[in-house]
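Everything below concerns the one structure shown next.
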Amino acid sequence: MRDEAFYDEAELKDGPDGGKIAPSGAPVTWVEEPSYFFRLSAYGDALLALYESEPDLVAPSSRRNEIKSFVKGGLRDLSISRTSFSWGVPVPGDEKHVMYVWLDALVNYIAALGYPGMGEGSQFDRFWPANLHLVGKDIVRFHTVYWPAFLMAAGLDQPKRVFAHGWWTIEGQKISKSLGNAIAPSQLVETYGLDQTRYLLMAEVPFGNDGDFSHKSAIRRINADLANGIGNLAQRTLTLIQKNCAAAIPEPGAFTDQDKALLDVAHRLWERIESDLRLQSFHEVLRTIWGVVGASDVYIDTNAPWALKKTDVARMGTVLYVLAETLRTLAIVVQPFMPETMSRLLNQLAVPEDKRNFAFLGEEGTLTPGTVLPPPQGLFPRIVEAE
RNA sequence: GGCAGCGUAGCUCAGUGGUAGAGCAGGGGAAUCAUAAUCCCUUGGUCGGGUGUUCAAAUCACCCCGCUGCUACCA
C-alpha cells in the first residue's frame, strides 16, 4: 500500500504479472471493509445553486468553472469512515469506525471553534462563517464541493470565500524531488531578506496563477521596485529634511494644485486598493501603490527641493512636507506586505505606534510639523552581483 | 479522449468592435537631493496561423497549430 490512496477500478491498468497497477505505478491491493457514507450525490443541485448565488465563493474564476463542471458531471457518495485502523475520531454510536478522509479534516475548521458546543458569545459565534479559506489549488475541490455539502447537511453557514492559490516553478522548472531543485523559504529569506521575499511572492504573479521564481527577476524587482523605488524615494526625502529642515517635519505653506494632487492620491489610496485587496488581487494592489511611488518621483524632480533651498526655503519646506506625508501613507498601506521595513519607515517618520493602521491613512493621521525625525537609514539595500 | 482557458513589443503582462498599451530591458538627453538611485524623450509588435461576419476585429464566428488546467475519496 505504497500510495495510501483509493483508486477507482477504471483508473487501474494491467500489471506484468497479471495484477493491477495504480496510475502512480504502484501495485494495488483489493481491500474490503464496512464504511459509512456521506450522501454527496444528493447535493449536486444545491451546490450548483450555491455557486450561482455566491459567484465570489470560489476563486479564481477559472477554478469556479472547473468546480462547476465537476459537479455538473454528477457526484458520487463519499466513504467517510474506516474500520481497518483505530487512530482517529470514533464514530458516535459505532466505535468500531473512525471518521476518515475529509470529513474529519474539514470539520476541524469549526471543531477548533468549539462546534458543536457553541453558545452565545462563543468562538464559533465570533469566527464562523470564515471570511476566507486560502487553500492550495490541489485541494480546492474538497473545500468547494465536500465542505459546502457537509455544511449544508449540518445546517451551517457557508464560508464567504475559498481562494485557491497556485504553485511556484523555479527558473522555469517544476519543483520536484527528482530534480532536487526545491528552495526552502528560509533560503530565500537569507538571500534576499524577509520583506523582500514577501514582496517578490506577492508582486511577481497574478495571485492564484502559477508563478515562476527566478534569481534574475528577483534581483530586478528588488532593485527596481524596492531599492530604486520606494527605498530611494524615502532616502532622498528624509535626507533632505534631515539636512535642511533641522531634522524635523517642516511647516507647510499654501498647497499648489500639484501638491494637492499628490496628497489627494495618497490620502485616497485605500479607496483604490480596497476591492483588489478583498479579491486577493495582491499584485494589482501593489501596482496601484507603486503608481504613487512613481508620481512622487516625478513630483520631487519637478519641484527640485534641493534647488529651492537656495531660492525659496518656505516652498522647499512645503514640498518636503508633501513628500513626507505621501511616504507616511505609502508606509501604512504597504505594511501588510512588508511589515518590518514599513515599521522602520514609520519610525523614521516618527509616526506613533497607535496611528499606523488603515484608519489613519487619510488626513486624520497627517504628520505634525515640528516633529523631530531620527537620522534616515536605508530601507532596501541594492543588490549588486559580480559578473 | 471530453470540458475549460491561454497564445499581444526582448521579458512579464493589460487591453473584449472604432487610428496597438504599461512595467522592466535597450537607445538618446537632463539633473545631481538620493542606495550611480531619479526625471524626460525614444527604438521595438503582420496582436499564434487561416477563413469569415462587419463601414470597422487583438476584440465576434469557424478551422488549424502550440501550450496549460480539470476530469473524485492523497491533510
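All chains are named by letter (A, B, ...) in the order of the sequence lines, taking the proteins before the strands, and each is independently numbered beginning at 1. Keep in mind that the numbers below use all heavy atoms, side chains included, and drop hydrogens, waters and symmetry copies.
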Handout entry: For B/G26, the Watson-Crick or wobble partner whose two distances fall under 3.5 Å
Key = B/U42
Anything under 3.5 Å between a donor and an acceptor, one on a side chain of residues 45-54 of chain A, the other on a protein residue two or more places apart or in another chain? List them.
from: A/Y51; atom 1: OH; to: A/T144; atom 2: O; distance (Å): 2.5
from: A/E52; atom 1: OE2; to: A/K68; atom 2: NZ; distance (Å): 3.2
from: A/S53; atom 1: OG; to: A/A49; atom 2: O; distance (Å): 3.3
from: A/S53; atom 1: OG; to: A/L50; atom 2: O; distance (Å): 3.3

Exercise for the section: Could you tell me the separation between the CD1 atom of A/I67 and the P atom of B/C3, rounded to a whole number of Å? Expected result: 19 Å
Problem - Whole-Å gap separating C1' (B/A14) and CG (A/D276) - result: 13 Å
Problem - Donor-acceptor pair between A/S62 and A/N65 side chains, under 3.5 angstrom - result: no
Problem - Gap between atoms CG and P, on A/N209 and B/C13 respectively (whole Å) - result: 8 Å
Problem - For atom CZ of A/R63 and atom C1' of B/U68, their distance in whole Å - result: 10 Å
Practice task
Ignoring the backbone of A/A105, work out which of B/C13, B/A75, B/A37 is nearest its side chain.
Solution key: B/A75
Completion exercise
Scanning all shown strands, the Watson-Crick or wobble mate of B/U51 with both distances under 3.5 Å is B/A61
Exercise for the section: Report the nucleotide, chosen from B/A72, B/G69, B/C3, that has the shortest atom-to-atom distance to any side-chain atom of A/E66. Expected result: B/G69
Practice task
Give none if B/G21 has no partner; otherwise give the nucleotide forming a Watson-Crick or G-U wobble pair with it, both distances under 3.5 Å.
Solution key: B/C13
Handout entry: Salt-bridge criterion met for A/D225 and A/R221 (N-O under 4.0 Å)
Key = yes
Exercise for the section: Could you encode protein contacts along nucleotides 22-30 of chain B as a string, one character per nucleotide from 5' to 3', using B for base contact, S for sugar-phosphate-only contact and - for no contact, with a heavy-atom cut-off of under 4.0 Å? Expected result: --S------
Exercise for the section: Using the rule that two of Ile, Leu, Val, Met, Phe, Trp, Tyr join whenever any of their side-chain heavy atoms come within less than 4.5 Å, decide whether A/L279 and A/L286 are in one cluster. Expected result: no
Practice task
Rounded off to whole Å, could you give me the CD1-to-P distance for the A/I300 and B/C33 pair?
Solution key: 11 Å
Practice task
Measure from OH on A/Y109 to P on B/A75 and round the result to the nearest Å.
Solution key: 13 Å
Completion exercise
Heavy atoms of A/M99 and A/P90 approach each other most closely as CE-O, 3.8 Å
Practice task
Answer with yes or no whether the side chains of A/N303 and A/R315 bring together a donor and an acceptor at under 3.5 Å.
Solution key: yes
Handout entry: For B/A37, the Watson-Crick or wobble counterpart (both distances under 3.5 Å)
Key = none
Practice task
Return the nearest nucleotide to the side chain of A/V298; candidates are B/C40, B/G69, B/A72.
Solution key: B/C40
Problem - Approximate separation, where rounding is to 0.5 Å, of A/K309 NZ and A/C245 SG - result: 10.5 Å
Practice task
Under 4.0 Å from any atom of RNA chain B, heavy atoms only: list the residues of residues 232-252 of chain A that qualify, in numerical order.
Solution key: A/N232, A/Q235, A/R236, A/T239, A/L240, A/K243
Problem - Under-4.0 Å side-chain N/O to phosphate OP1/OP2 contact, A/Y299 with B/C39 - result: no
Problem - Qualifying residues under side chain to side chain contact (heavy atoms under 4.5 Å, CB included), relative to A/V205, sequence neighbours excluded - result: A/W168, A/N209
Handout entry: Minimum-distance nucleotide (side-chain atoms of A/A227 versus B/C33, B/U35, B/C70)
Key = B/U35
Problem - A/L379 side-chain proximity, nearest of B/A37, B/U35, B/C73 - result: B/U35
Handout entry: Separation of B/G69 P from A/W167 CH2 (nearest whole Å)
Key = 12 Å
Completion exercise
Between CG of A/L134 and P of B/A75 the distance, given in whole Å, is 20 Å
Fill in the blank from the handout: Apart from A/F360 itself, its cluster of hydrophobic side chains linked below 4.5 Å comprises none
Handout entry: Residues that A/F38 engages under side chain to side chain contact (heavy atoms under 4.5 Å, CB included), provided they are two or more places apart
Key = A/L40, A/Y43, A/L78, A/I80, A/A149, A/F150, A/A153
